[in-house]
2 protein chains.
Amino acid sequence: MTASHRRPTTREVAALAGVSVATVSYVLNGKDGRVGEETRRRVLAAADELGYVRSSSARSLRLRRTERVCLVVGSIGVPAYDQLARDLSAAADEAGYGVMTIVVDSPARADKAVDLLRQHVADGAVVAPSVPLADAQLRALTGSRLPLVVMSNAVAPDGFDVVRTSEAAACVEAFDHLAATGRRRIAYLAHEHELTGRQPSERRDAYLDALDRHGLGPELVVPGADDRVGAYRAVEALLARPDRPDAIFAASDRAAITAILALRDAGLAVPEDVAVVGVGNLEEGRITRPPLTTVGPPAMDFHDVARLLFDRVLADETPFDREITTSWSFIRRGSA
Amino acid sequence: MTASHRRPTTREVAALAGVSVATVSYVLNGKDGRVGEETRRRVLAAADELGYVRSSSARSLRLRRTERVCLVVGSIGVPAYDQLARDLSAAADEAGYGVMTIVVDSPARADKAVDLLRQHVADGAVVAPSVPLADAQLRALTGSRLPLVVMSNAVAPDGFDVVRTSEAAACVEAFDHLAATGRRRIAYLAHEHELTGRQPSERRDAYLDALDRHGLGPELVVPGADDRVGAYRAVEALLARPDRPDAIFAASDRAAITAILALRDAGLAVPEDVAVVGVGNLEEGRITRPPLTTVGPPAMDFHDVARLLFDRVLADETPFDREITTSWSFIRRGSA
DNA sequence: CTGTTAGCGCATTCAG
DNA sequence: CTGAATGCGCTAACAG
């Protein structure tokens with residue numbers, strides 16, 4: 001590899017191989033058949049010797065296509081996103097595409113992400129659940145004709161596909177169960193974005209509705225579902241109240257699991273003294289004592305999402321908008 | 001926004017505004033002062049009307065620079081990576097750069113990631129700890145003159161900067177403490193990559209060394225540190241052994257925390273019956289009962305890493321290789 | 001202050 | 001089967 005200062009180009013490879021750049025391109029893109037075996041070998045040898053690597057910008061510009069897709073998530077450190085990334089990567093591998101992830105953990109970064117996407121850094125994108133993208137931003141993306149799959153219950157397909165969950169019904173079932181088993185004071189441990197975000201929260205709505213329908217006390221919504229430490233502190237604070245709850249519905253399994261620990265640490269029995277329900281159906285809910293009662297999908301599987309995206313990305317013309325619903329249910333185990 | 005089929009270009013904006021493409025470029029890149037106020041306004045209006053968004057491929061090709069950096073992680077779902085992404089994003093914002101993340105969770109994907117990076121999809125990259133990149137792959141990256149910061153104790157700077165930790169010494173201290181407090185049968189709960197990977201594990205080496213120095217029994221290394229469920233099952237299995245350990249050193253805090261739970265569930269007292277030590281110094285270690293004794297950095301802070309990267313990325317010429325060490329210590333709390 | 005123009009590196013038509 | 005020529009969309013000299 002003759003180390004030159006600049007990165008070598010097809011032109012240099014062509015020169016070294018004694019052929020034209022066209023031939024180099026054919027060889028490098030597997031369009032052989034057009035090229036003689038001997039020539040092909042010479043080109044490959046030359047490319048190798050120069051340490052040639054094609055420029056993705058130049059290629060993308062010419063092809064009007066990046067052969068990359070983007071996964072937009074709200075943070076890393078969330079178990080479900082991990083599986084999502086995995087499933088998307090698997091689909092991308094098949095299509096010969098790359099995957100890049102963008103983390104949007106603030107409105108400012110949401111703007112940056114939308115900019116990047118509109119500048120066509122990828123040929124399509126999946127927006128994970130609870131990413132704080134405003135409607136206007138979504139429209140900006142479809143406006144730039146970017147193949148898009150949005151995982152959200154808060155939007156309807158409109159130039160993009162939507163993947164929703166039947167979480168509302170499942171949550172209702174959970175709350176009805178709590179009420180039916182005699183819980184009178186149910187606390188809701190919320191994600192930060194449920195309290196500050198613009199998007200409505202079906203979980204929380206189900207909670208408020210259930211309180212109403214069952215004639216249960218004033219609402220008791222506290223933040224803390226985003227991380228374990230926050231959840232622990234939130235539960236501690238809940239227990240210090242004079243009107244201590246007899247049930248805790250946490251907006252995430254991570255928080256619910258932590259709640260079980262906090263309750264045990266406080267000397268309370270789960271579910272006898274306080275029932276606990278989570279959301280997400282994490283594997284981890286099976287190793288708690290008692291096992292976690294939760295609301296979620298039967299399994300973490302995002303192949304559908306990946307398929308939706310690549311259908312769009314690889315389609316010749318804009319396909320019809322689609323909407324699929326992953327079915328969630330109330331999964332009763334030991335904690336409620 | 002007159003929706004045309006193709007995305008509008010500077011040429012079209014120029015035509016609509018009645019100016020040249022150069023002027024459009026000047027305005028769009030904030031090189032005003034060269035451009036009259038009235039003209040500037042016309043250009044902006046035209047761009048807005050057409051819904052113009054610049055093409056990142058074309059710009060990158062021309063600039064020979066993508067204004068993006070890449071974070072390479074081994075999986076998402078790891079707390080430390082979250083902070084790393086955050087700190088890197090903050091630095092990127094300042095420099096006007098974007099951040100993309102690539103998840104490398106298999107050797108095959110490591111190859112793909114290296115390809116992407118060599119094709120210059122970003123102007124620089126940070127490789128997070130325990131990403132399975134072989135030496136040859138690292139060399140391939142520096143060969144293509146990519147600014148690189150590698151977080152690893154297993155490599156020396158060589159065309160890239162290295163961020164290492166003083167974890168070996170801290171682990172030694174932890175094991176010495178366990179031995180000094182009378183633990184005779186210490187189990188090591190390992191990450192999968194410590195068992196199958198090519199790279200040596202300082203933690204495990206410290207363990208083996210300590211057994212040796214203190215004349216302690218045969219080694220007892222089991223996998224399970226990668227996720228909580230695995231850790232729980234591993235500890236259960238450990239406790240079922242005839243030679244049940246009296247101490248567990250887990251390669252991650254998440255596993256250590258889970259170990260504490262598993263031990264409690266088994267009716268054992270921590271640390272009386274079994275001591276537990278983790279690695280990482282997660283916040284979460286403070287809310288366990290007892291609080292987790294661990295080995296790790298004083299705080300999760302990766303500003304240094306980000307600074308190293310951007311120093312390289314923004315430098316005019318290749319700077320000297322640097323190496324910084326983040327100081328880890330043995331943090332004794334209640335579990336050992 | 002603004003326009004003309006020459007590439008950045010690549011893929012691809014069209015001749016030969 | 002191979003080569004010359006064109007342009008993807010953009011920026012930055014250089015002219016005016």
Side-chain angles (χ1 to χ4, degrees), chain A residues 4-44 46-47 50-67 96 115 118-121 123 144-145, chain B residues 4-44 46-47 50-67 96 115 118-121 123 144-145:
Chain A
S4 85
H5 188 70
R6 281 191 321 85
R7 343 175 38 199
T9 70
T10 43
R11 196 214 246 18
E12 295 166 50
V13 174
L16 181 58
V19 299
S20 78
V21 290
T23 304
V24 172
S25 178
Y26 292 142
V27 171
L28 262 31
N29 291 295
K31 300 251 196 314
D32 324 25
R34 310 192 54 149
V35 179
E37 183 53 30
E38 162 57 14
T39 312
R40 203 182 87 86
R41 236 191 298 278
R42 272 218 317 285
V43 169
L44 257 20
L50 292 175
Y52 171 81
V53 184
R54 72 189 181 201
S55 150
S56 85
S57 318
R59 182 177 160 89
S60 300
L61 176 58
R62 181 62 236 236
L63 253 34
R64 320 171 114 270
R65 171 166 36 102
T66 62
E67 300 186 327
D115 279 354
R118 283 171 46 98
Q119 288 165 25
H120 205 142
V121 300
D123 298 336
S144 67
R145 308 169 38 75
Chain B
S4 86
H5 189 69
R6 281 192 319 85
R7 343 174 40 200
T9 69
T10 41
R11 196 212 245 22
E12 294 166 49
V13 174
L16 180 59
V19 299
S20 78
V21 290
T23 304
V24 172
S25 178
Y26 293 142
V27 171
L28 262 31
N29 291 294
K31 301 247 197 316
D32 320 25
R34 311 192 51 150
V35 179
E37 183 53 30
E38 162 59 14
T39 311
R40 202 182 85 86
R41 236 191 297 277
R42 274 219 316 286
V43 170
L44 257 20
L50 292 176
Y52 171 81
V53 184
R54 73 188 181 201
S55 152
S56 84
S57 319
R59 183 179 156 89
S60 300
L61 176 59
R62 182 60 236 237
L63 252 33
R64 320 171 114 274
R65 171 166 37 103
T66 62
E67 299 187 329
D115 278 353
R118 283 171 48 99
Q119 288 165 25
H120 205 142
V121 300
D123 298 334
S144 67
R145 308 171 36 75

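It should be emphasised that the depicted structure is a prediction, and the values quoted were computed from it without experimental measurement.
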Rounded distance in Å - [atom1] ([X]) to [atom2] ([N]):
X        : N      : atom1 : atom2 : result
B:Gln119 : C:dA11 : CD    : P     : 10 Å
A:Glu37  : D:dT2  : CD    : C1'   : 16 Å
B:Arg42  : C:dC1  : CZ    : P     : 14 Å
A:Arg40  : D:dC1  : CZ    : P     : 13 Å

Legend entry - Heavy-atom pair of closest approach, residues B:Pro8 and B:Leu50: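 Shortest heavy-atom separation between B:Pro8 and B:Leu50 comes out as CG-O, 3.3 Å.
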
Inset, instruction - Provide the closest heavy-atom pair for A:Val43 versus A:Ala17 in the form atom of the first, atom of the second, distance. - result: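 What the structure gives for the nearest pair is CA-CB, 4.0 Å.
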
Inset, instruction - Could you check whether A:Val24 gets within reach of a base, just the sugar-phosphate, or nothing at all, counting any heavy atom under 4.0 Å? - result: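 No contact at all - A:Val24 keeps every heavy atom at 4.0 Å or more from the nucleic acid.
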
Inset, instruction - Answer with base, sugar-phosphate or nothing: what part of the nucleic acid does A:Thr39 contact at a heavy-atom distance below 4.0 Å? - result: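 Sugar-phosphate only.
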
Would you indicate whether the side-chain heavy atoms of [Y] and [X] approach each other to under 4.5 Å?
X       : Y       : answer
A:Val24 : A:Val19 : yes
A:Glu12 : A:Thr9  : yes
A:Arg40 : A:Glu37 : yes

Inset, instruction - From the options A:Leu44, A:Thr23, A:Val27, select the one residue that forms a side-chain contact (heavy atoms from CB on, under 4.5 Å) with A:Thr39. - result: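 Result: among A:Leu44, A:Thr23, A:Val27, A:Thr23 is the only option passing the side-chain contact (heavy atoms from CB on, under 4.5 Å) with A:Thr39.
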
Inset, instruction - Would you mind building the protein contact string for nucleotides 5-10 of chain C? One character per nucleotide, 5' to 3', B for base within reach (heavy atoms under 4.0 Å), S for sugar-phosphate only, - for untouched. - result: BBBBBB

Legend entry - Stepwise side-chain contact (heavy atoms from CB on, under 4.5 Å) check, A:Arg54 with A:Leu28: CA-CA 9 Å; A:Arg54 72 189 181 201; A:Leu28 262 31; 6.0 Å; no

Legend entry - Terminal axes of the helix from C:dC1-D:dG16 to C:dG16-D:dC1 (five pairs each): angle between them, nearest 10 degrees: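 Overall, the helix from C:dC1-D:dG16 to C:dG16-D:dC1 bends by 40° from one end axis to the other.
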
Inset, instruction - Mind checking side chain to side chain donor-acceptor pair (under 3.5 Å) for A:Gln119 and listing every partner two or more places apart, or none if nothing turns up? - result: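 A:Gln119: no side chain to side chain donor-acceptor pair (under 3.5 Å) contacts found.
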
